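Written out below as structure tokens is the structure these notes cover.
Below, chains carry the letters A, B, ... as their sequence lines are ordered, and counting in each starts from 1. Please read these numbers as outputs of a predicted model, since none were measured by experiment.
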2 protein chains.
Amino acid sequence: MASGQGRVLELAVLGSLHETPLHGYELRKRLNALLGMFRAFSYGSLYPCLRSLLARGLIAEEQPASTTIVGGRSKIVYKLTAEGKERLQDLLTQAGPSAWEDESFGVHFAFFRHTEAEVRLRILEGRRSRLEERLDAVRTALARTRERLDSYTLELQRHGLESVEREVRWLNELIATERRASEEPGRDTTSTDE
Amino acid sequence: MASGQGRVLELAVLGSLHETPLHGYELRKRLNALLGMFRAFSYGSLYPCLRSLLARGLIAEEQPASTTIVGGRSKIVYKLTAEGKERLQDLLTQAGPSAWEDESFGVHFAFFRHTEAEVRLRILEGRRSRLEERLDAVRTALARTRERLDSYTLELQRHGLESVEREVRWLNELIATERRASEEPGRDTTSTDE
DNA sequence: GCGTCGATGTATCGAGCCGATACATCCCGA
DNA sequence: TCGGGATGTATCGGCTCGATACATCGACGC
């Protein structure tokens, strides 16, 4: 168990490499463009993660192949191995708290294309109850202390509450869409695999 | 420099204790109610922080005082020292990137009541440019890869973009309000100190 | 030709922070 | 009376970030 390595980053890397082989620098750029609004991975976590994945045989270095030896600029291109693809499918199938917490939800969502419809639905719903829990907690706390709060604190609470409420509405729409798509006779959005 | 201890948590603790003395458990509850929507501090960072603050003389243990010795339940109540108040004023005056990043902005905002009007304005504006930077980056990246993206990724981007745009509009309103208040002749919102 | 500046690229280190966990006490209801 | 849930303090392993170091490449002016 010495690796651990934070399932989120692992999923993000595996998922990205599933599309096309990449080297570290480019991988980071893609990831941060993909998730730009939610999080930003740093080299300090990316490189250790790549090393761990390499050691576990989930990714492999791609030979420069006679064609690409132009400059000779050192560049290590990684690609997914068969085991890596299995592991990716595994991670994509997991619909637990680790899929709908703040830091991980975005990453899971970003790869929904490769996720089964049923799992998508469970993650969406899990995310929604997570947010509703938080909403309840804050609303309760707020009700007990409303008088004592100054206008800035109040405004912060109001803004936070509103943002989360909006995300819940967003999730509601997504869930409805998913339900409609899965019940619809003709079309199947799942597109079995790649 | 052995302490460091993450200025954000330090500010949060000092700011909370400025209102009233508290013990760890209660402190955490207040903090997480105050910032519920944005972050949640854990004991794993809170207690080390308290220890560090104690060692630096910024907070002190409060004697149970003859009145409160009812149960005898071990409980360590901390209060701000004079040095602690100075340090708090110091932290509240800092308007640097450390004040408007994702993790810290909420905390700074929560204590705006104790912050000078000028500093408030600079933090608000700093936060806004930070978000606008991010907006630019993502929009640029999006424009270059739009065709290649599946509908889920696109939806994620759209939602993220929209959320950040909303926060920018919120900041715009706050900034306008601040400006109006500071230019207004009669009222002064700053309320010099406690 | 020559310097240099910014983007590309790999990599590590210190330090902060979280989640899980352990342990103890108090109080309330079945 | 007994167990569970809130209160309360505390630590540990391990992940992650920000800063930093180092090297090469291409383009630009001069």
Task: Salt-bridge present (B/R56, B/E83; N to O < 4.0 Å) - done: no

Give me, pair by pair, the N or O atoms of the protein and of nucleotides 11-13 of chain D that are less than 3.5 Å apart, along with how far apart they are.
| unit_1 | atom_1 | unit_2 | atom_2 | d |
| --- | --- | --- | --- | --- |
| D/dT11 | OP2 | B/R51 | NH2 | 2.7 |

- [ ] Verify the contact: side-chain N or O of A/Y25 to OP1 or OP2 of C/dT10, cut-off strictly under 4.0 Å; return yes or no.
- [x] no

Open item on the list: With a 4.0 Å cutoff (strictly under), does any side-chain N or O of B/K29 reach OP1 or OP2 of D/dT7?
Closed with: yes

Open item on the list: Does A/R39 reach a base, just sugar-phosphate, or nothing at all? Heavy atoms under 4.0 Å.
Closed with: sugar-phosphate

Report the distance from atom [atom1] of [X] to atom [atom2] of [N], rounded to the nearest whole Å.
X	N	atom1	atom2	answer
B/R28	D/dG8	CZ	P	13 Å
B/E10	C/dA15	CD	P	16 Å
A/L46	C/dT10	CG	C1'	10 Å
B/E26	C/dC26	CD	C1'	16 Å
B/R7	D/dC17	CZ	C1'	12 Å
B/L9	C/dC18	CG	P	7 Å

TODO: Please identify each residue that fulfils side chain to side chain contact (heavy atoms under 4.5 Å, CB included) with A/S163, with sequence neighbours left out.
DONE: A/H159

Name all residues meeting the ring-ring contact (aromatic ring centres under 6.0 Å, His included) criterion together with [X]; count only those two or more places apart in sequence or in a different chain, and write none if there are none.
X	value
B/H23	none
A/Y25	none
A/F105	A/F109

TODO: Give every residue pair that meets the ring pair (Phe, Tyr, Trp, His ring centres under 6.0 Å) criterion with at least one member in residues 76-102 of chain A, sequence neighbours excluded.
DONE: none

- [ ] Looking only at side-chain atoms of A/S42, point me to the closest of D/dT9, D/dC17, C/dG9.
- [x] D/dC17

Task: Candidates D/dC17, D/dT9, C/dG9 - which lies nearest the side chain of B/H23 - done: D/dT9

Open item on the list: Heavy-atom nearest nucleotide on DNA chain D for B/Y78 versus A/A40: which residue maps closer to 5'?
Closed with: B/Y78

Task: Gap between atom CD of A/E10 and atom CZ of A/R7 - 0.5 Å precision - done: 8.0 Å

